[in-house]
Protein chains: 2
Amino acid sequence: MKALHLEKIHPGLSIDCVVFGLHGDTLKVLILKLKKIDKWALPGGFVAATEAVDTEAARMLKDRTGLDHLFLQQFHLFGAVDRNKVSDIRNFVDQQIISAAEGEVLAQRFVTISYYAVVDYAKVQAPTPDYSSEFCEWCPLKELPSLIHDHREIIAKAYQVLKRDLNYQPIGYNLLPDKFTMPELQAVYETILEKKIDRRNFRRKMLSFDILIATDEVRTGGSHKAPILYKFDEQKYQAAMVGGLVSLW
Amino acid sequence: MKALHLEKIHPGLSIDCVVFGLHGDTLKVLILKLKKIDKWALPGGFVAATEAVDTEAARMLKDRTGLDHLFLQQFHLFGAVDRNKVSDIRNFVDQQIISAAEGEVLAQRFVTISYYAVVDYAKVQAPTPDYSSEFCEWCPLKELPSLIHDHREIIAKAYQVLKRDLNYQPIGYNLLPDKFTMPELQAVYETILEKKIDRRNFRRKMLSFDILIATDEVRTGGSHKAPILYKFDEQKYQAAMVGGLVSLW
DNA sequence: ACAAAAGTGTTCCTTTTACACCCATGC
DNA sequence: GCATGGGTGTAAAAGGAACACTTTTGT
């Protein structure tokens with residue numbers, strides 16, 4: 001159980017991560033159940049004085065999910081004056097999750113820089129809680145429990161940005177295993193965008209981007225024709241991420 | 001001349017603003033010439049402990065440009081460990097622009113949250129320098145002088161985001177006077193995207209978004225047919241900003 | 001009258017949309 | 001063999017690209 005080392009952190013700045021995963025046709029986010037308190041929180045933490053902010057975000061994700069090199073996007077700094085609620089901090093101290101001295105520090109004003117990540121649900125075996133939480137859970141985006149501070153707002157913004165980015169960049173990559181079928185990829189889009197897409201048109205358009213490679217394997221098991229397994233063309237995928245898939249002019 | 005009040009600011013956090021303006025067919029950014037030092041800086045400052053970050057960014061823009069209610073978008077937190085160069089700070093102290101005690105504080109690690117703004121060049125009469133700078137100037141994006149810290153990198157990122165956003169949202173609004181002609185609007189796109197667009201196709205597509213209202217006025221003066229003046233339809237413009245102009249599905 | 005540049009229209013071609021049809025797999 | 005869902009094809013409509021023509025303004 002790691003403790004806090006508040007003297008070594010960058011002052012007044014925290015990181016919060018919204019980790020998206022797809023469970024069947026449900027979009028879920030990773031949240032932590034706090035100890036002794038009936039509230040939840042986003043995975044996050046503080047920035048070591050000696051580390052880059054982006055590096056620290058990646059570290060936190062690794063600590064919680066075990067995953068490295070994932071799709072991690074900084075998306076917004078939340079900087080309202082009273083965004084970290086003093087009542088929440090006091091609760092922490094009362095429940096002896098943090099010391100009075102630590103509570104003192106955390107009750108000061110904090111701004112938080114938020115990142116979102118999209119991960120392959122299946123690759124995250126057992127998400128690991130941190131010092132302040134008893135367990136970690138995937139929660140459907142539409143069924144969020146009571147969250148501390150402005151974490152609900154952060155998730156809402158993350159989802160909005162995710163939807164926008166999905167229309168611009170082939171994010172599906174990161175939510176799926178290395179090899180996946182066209183219907184699986186389509187499900188990613190339909191779930192996130194909350195919209196039905198014509199099967200055949202989706203297929204054609206997706207293939208036209210020329211970022212997928214058909215393998216000679218198929219996914220058997222369903223009582224129907226076995227769908228072809230695809231993988232992303234790393235090179236072309238990266239290029240598409242830079243330029244974007246659609247543009248006005 | 002306002003002084004620094006470092007005891008009242010949020011620690012380790014600064015704001016930097018990239019203000020874009022269009023001068024003819026040149027995209028320019030607003031930069032400040034530092035006193036006694038042969039370097040330039042972005043307009044920016046520190047966050048009062050009692051103010052929201054977004055509010056502070058707007059205040060800085062108002063202080064420098066006199067403009068209120070402008071298009072101001074937070075776009076990235078720069079959080080590398082050594083991004084604020086100690087040598088630059090020392091220079092400040094040596095030149096007595098700031099006190100030794102202030103220099104002490106500023107030499108600590110700072111992360112900066114960046115905003116970009118797009119403004120009507122003509123509306124900014126005389127940009128006002130701050131306590132650290134002797135004057136303020138519009139500089140062509142392609143001819144940037146030596147800038148402190150990572151400000152060059154910040155401008156580069158801002159430009160990249162601006163180009164992306166332009167393809168998504170009708171930003172042109174903010175770079176132009178209330179009433180403008182179709183060729184003027186087209187020039188905004190061509191200048192920012194560095195790309196020629198067919199006059200007639202641009203017109204048709206832009207009108208198809210149904211966010212422009214033709215006035216019954218024209219702009220005279222050119223030795224050619226007087227172009228119609230348009231204005232944005234506030235309502236529909238706002239809606240388009242939310243949904244975006246293009247989408248994959 | 002002429003140059004310059006704006007407004008309008010047209011043609012061709014590509015993409016999108018909305019389908020019908022066939023194919024493989026498991027029960 | 002049949003239900004299920006995947007792969008392929010196609011006709012009609014919409015949208016995009018390229019270009020000709022007309023109109024207005026200042027000199």
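As the structure is a prediction and not an experimental result, all values here were calculated from the model. Lettering of chains follows the sequences in order, A, B, ..., and the numbering in each one begins at 1.
- Proximity of a side-chain donor or acceptor of A:Asp130 to a complementary backbone N or O of A:Ser133 within less than 3.5 Å is detected.
- In this structure, B:Asn201 places its CG atom 13 Å from C1' of C:dT8, rounding to the nearest Å.
- Here the side chain of B:Pro227 is nearest to one of C:dG26, C:dG9, C:dA6, namely C:dA6.
- Following rounding to the nearest Å, B:Leu207 (CG) and C:dG9 (C1') show an atom-to-atom distance of 15 Å.
- Comparing B:Trp249 and A:Ala226 along DNA chain C, the residue whose closest nucleotide (by nearest heavy atom) sits nearer the 5' end is B:Trp249.
- A ring-centre distance under 6.0 Å is found for A:Phe232 and A:Phe180.
- Boundaries of the chain B contact region on DNA chain D are D:dG16 to D:dG26, first to last in 5' to 3' order (nucleotide atom under 4.0 Å from a heavy atom).
- Atom-to-atom, NZ of A:Lys205 to P of C:dT16 comes out at 5 Å; the value is rounded to the nearest Å.
- One finds the CZ atom of A:Arg164 at 6.0 Å from the CG atom of B:Asp165 (value rounded to the nearest 0.5 Å).
- Side-chain proximity of B:Arg203 to C:dT8, C:dC23, C:dG26: nearest is C:dT8.
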Please step through side chain to side chain contact (heavy atoms under 4.5 Å, CB included) for the pair A:Leu248 and B:Lys205, ending with a clear verdict. CA-CA 9 Å; A:Leu248 215 45; B:Lys205 193 157 174 176; 4.1 Å; yes
Please report the C-alpha distance between B:Val218 and B:Lys225 in whole Å, then the side-chain angles of each, then the deciding distance to 0.1 Å, and finally whether the side chain to side chain contact (heavy atoms under 4.5 Å, CB included) criterion is met. CA-CA 9 Å; B:Val218 292; B:Lys225 183 166 179 175; over 6 Å; no
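- A:Ile228 has its CD1 atom 12 Å from the C1' atom of C:dC23, to the nearest Å.
- Side-chain atoms of B:Arg152 come within 3.5 Å of backbone N or O of B:Pro145 as a donor-acceptor pair.
- Nucleotide C:dC13 holds its C1' atom 16 Å from the CG atom of B:Asp198, rounded to whole Å.
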Which is it for B:Arg199 and B:Gln186 under the side chain to side chain contact (heavy atoms under 4.5 Å, CB included) test, yes or no, and what are the steps along the way? CA-CA 8 Å; B:Arg199 191 170 61 83; B:Gln186 181 174 346; 4.2 Å; yes
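- Classification of B:Lys62 and B:Asp68 as a salt-bridged pair holds, one side-chain N sitting under 4.0 Å from a carboxylate O.
- Spacing between atom OH of B:Tyr230 and atom P of C:dA6 amounts to 12 Å, rounded to whole angstrom units.
- Taking for each of A:His224 and A:Arg199 the nucleotide of DNA chain D with the nearest heavy atom, the 5'-most of the two is the partner of A:His224.
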Is there a side chain to side chain contact (heavy atoms under 4.5 Å, CB included) between A:His151 and A:Trp40 once you walk through the steps? CA-CA 9 Å; A:His151 286 193; A:Trp40 298 71; over 6 Å; no
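- Listed by residue number, the members of residues 174-195 of chain A with any heavy atom below 4.0 angstrom from DNA chain D are A:Pro183.
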